[in-house]
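Model, not experiment: these values are computed from the prediction. Proteins get letters first, then strands, A, B, ... in listed order; numbering begins at 1 in each.
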Amino acid sequence: MTSVSMRVNGADVRADVEDRTLLVHFLREHLRLTGTHVGCDTSQCGACTIHLNGEAVKSCTMFAAQADGDEIVTIEGVGEPGRLHSMQAAFQQHHALQCGFCTPGMIMAGIDILRRHKSPDEETIREELEGNLCRCTGYVNIVKAIKAAAES
Amino acid sequence: MYPASFTYVRPADLAAAEAAFREADDPRYLAGGMTLIPTMKQRLAAPSTLIDIARVPGLSFIRREKDTLVIGACTRHATVAAAPEVRAAIPALAALAGGIGDPAVRNRGTIGGSLANNDPAADYPSAVLGLGAVIRTTRRTIAADAFFTGMFSTALEPGEIITEVAFPGPRRAGYAKVRNPASGYAMAGVFVAETGKDVRVAVTGAGACVFRAAEMEQALARSFTPDALADVRVAAADLNADIHGSAAYRAQLVRVMAARAAAAALSGA
């Protein structure tokens with residue numbers, strides 16, 4: 001067992017976990033933040049994307065222990081009903097989701113894209129979404145939403 | 001999926017990391033973990049101890065030493081890709097780093113981890129071999145030509161840690177690859193460099209281990225143009241053959257990627 005402390009969505013958390021506990025399981029099962037999804041579980045699909053110290057990472061491919069001392073933001077931390085993040089609002093407005101499973105990861109990736117690109121063109125957005133898969137193949141509206149969020 | 005049990009340790013410095021390595025039964029160093037963790041989740045690796053060196057001070061930096069660019073072992077791909085020093089000195093290296101995996105992977109994966117792992121389809125080994133870089137470790141310096149010894153194997157001794165990589169600035173260099181559309185890994189990736197002394201061509205993804213292609217080096221030394229490679233036949237005998245492509249197909253990819261890399265080098269991209 002190992003003791004981990006981190007700041008998650010602005011709140012300090014501390015827990016004793018097995019050393020092999022993946023960060024995504026820590027978020028979902030210990031903190032009950034189930035907005036972060038486990039999709040492929042092989043670091044391909046990006047459904048588990050969160051922000052670690054302000055940067056997008058795949059929480060299925062790191063251990064909770066590695067995040068000890070870090071600052072984490074999950075989909076639950078970016079906005080709330082009635083006060084959506086501009087990326088969430090853009091996804092809603094442009095119907096950038098079908099089944100919704102990939103959506104939390106897409107939104108976290110989208111926010112990260114806009115952190116690095118002020119006004120990305122469609123090609124850049126598509127390239128940047130390399131690590132986020134939508135099995136409904138709803139990319140057209142996802143790309144549209146990210147572009148709209150950049151312009152908003 | 002989660003891996004077999006292990007003990008996680010985060011040493012304060014390199015000496016403590018090497019000490020932890022000596023004391024454990026079956027230790028592995030952990031940096032970005034972008035290959036090791038998926039491998040552990042599939043239970044293809046089950047180390048007793050993970051020694052996390054990602055935050056050991058002094059391993060994440062980029063600096064110029066005259067005409068040489070030195071990159072710390074725990075520098076992440078995203079950092080290398082975005083660094084003005086890299087983009088100015090060796091733009092092909094910045095472009096290569098910016099094409100590894102995907103953005104989230106580039107935010108975790110490190111140059112030292114990629115080199116120590118020596119995946120046959122990893123990008124960085126081709127840049128290190130193609131540029132004739134030098135790998136500095138906790139114990140010695142190793143020339144690129146002596147570092148990559150086979151599939152997933154290197155000249156590193158047990159417990160030895162890469163601390164930095166020194167890239168001599170080339171006159172020009174370029175990298176081109178064809179990604180496997182499913183995995184994203186290079187089916188064939190070729191790094192071409194005109195160093196001032198000679199021309200080096202390093203191929204990744206196509207064989208069991210990154211290798212230099214002598215015939216293409218000679219052709220480009222005669223004339224550093226994509227056309228110089230038109231008549232070079234790449235031997236398919238030792239190349240990979242699998243469901244994604246035959247050895248002959250990969251040989252063709254290698255030649256085409258080399259020509260594209262040369263074109264990229266000439267355009268300064």
Euclidean distance, [Y] [atom2] relative to [X] [atom1], rounded to 0.5 Å:
| X | Y | atom1 | atom2 | result |
| --- | --- | --- | --- | --- |
| B:L36 | A:T61 | CG | OG1 | 11.0 Å |
| A:D68 | B:Y8 | CG | OH | 7.0 Å |
| B:Y2 | A:L22 | OH | CG | 10.0 Å |

Engaged part of [X] at the chain A interface, taking heavy atoms whose separation is under 4.5 Å:
| X | value |
| --- | --- |
| B:L30 | side chain |
| B:A54 | neither |
| B:A78 | neither |

Could you check whether atom [atom1] of [X] has more than 12 heavy atoms from other residues, nucleotides or ligands sitting under 6.0 Å from it?
| X | atom1 | value |
| --- | --- | --- |
| A:R7 | CZ | yes |
| B:R260 | CZ | no |
| B:Q42 | CD | yes |
| B:R28 | CZ | no |
| A:E123 | CD | no |
| A:R83 | CZ | no |
| A:R135 | CZ | no |
| B:Y249 | OH | no |

Heavy-atom side-chain contact between [X] and [Y] under 4.5 Å:
| X | Y | answer |
| --- | --- | --- |
| A:K58 | B:D102 | yes |
| A:F63 | B:I37 | yes |
| B:M1 | A:T42 | yes |
| B:S5 | A:E18 | yes |
| A:C60 | B:K41 | yes |
| A:E55 | B:R76 | yes |

Run the numbers on A:M62 and B:M34 for side chain to side chain contact (heavy atoms under 4.5 Å, CB included), then give the verdict. CA-CA 8 Å; A:M62 75 179 275; B:M34 291 297 97; 5.5 Å; no
Minimum heavy-atom separation for B:A182 to A:Q44, with atom names? O-OE1, 3.5 Å
Between A:L52 and chain B, which part of the residue has a heavy atom less than 4.5 Å away: side chain, backbone, both or neither? side chain
Under a 4.0 Å threshold between the charged nitrogen and the carboxylate oxygen, would B:R55 count as salt-bridged to A:D70? yes
Ranking B:G33, B:P38, B:P3 by heavy-atom pairs under 4.5 Å to chain A gives rank one to B:P3
Please check this pair: side chain of B:N107 against backbone of A:A56, looking for a donor-acceptor N/O pair closer than 3.5 Å. yes
Is a side-chain donor or acceptor of B:R10 paired with a backbone partner of A:Q66 at a separation under 3.5 angstrom? yes
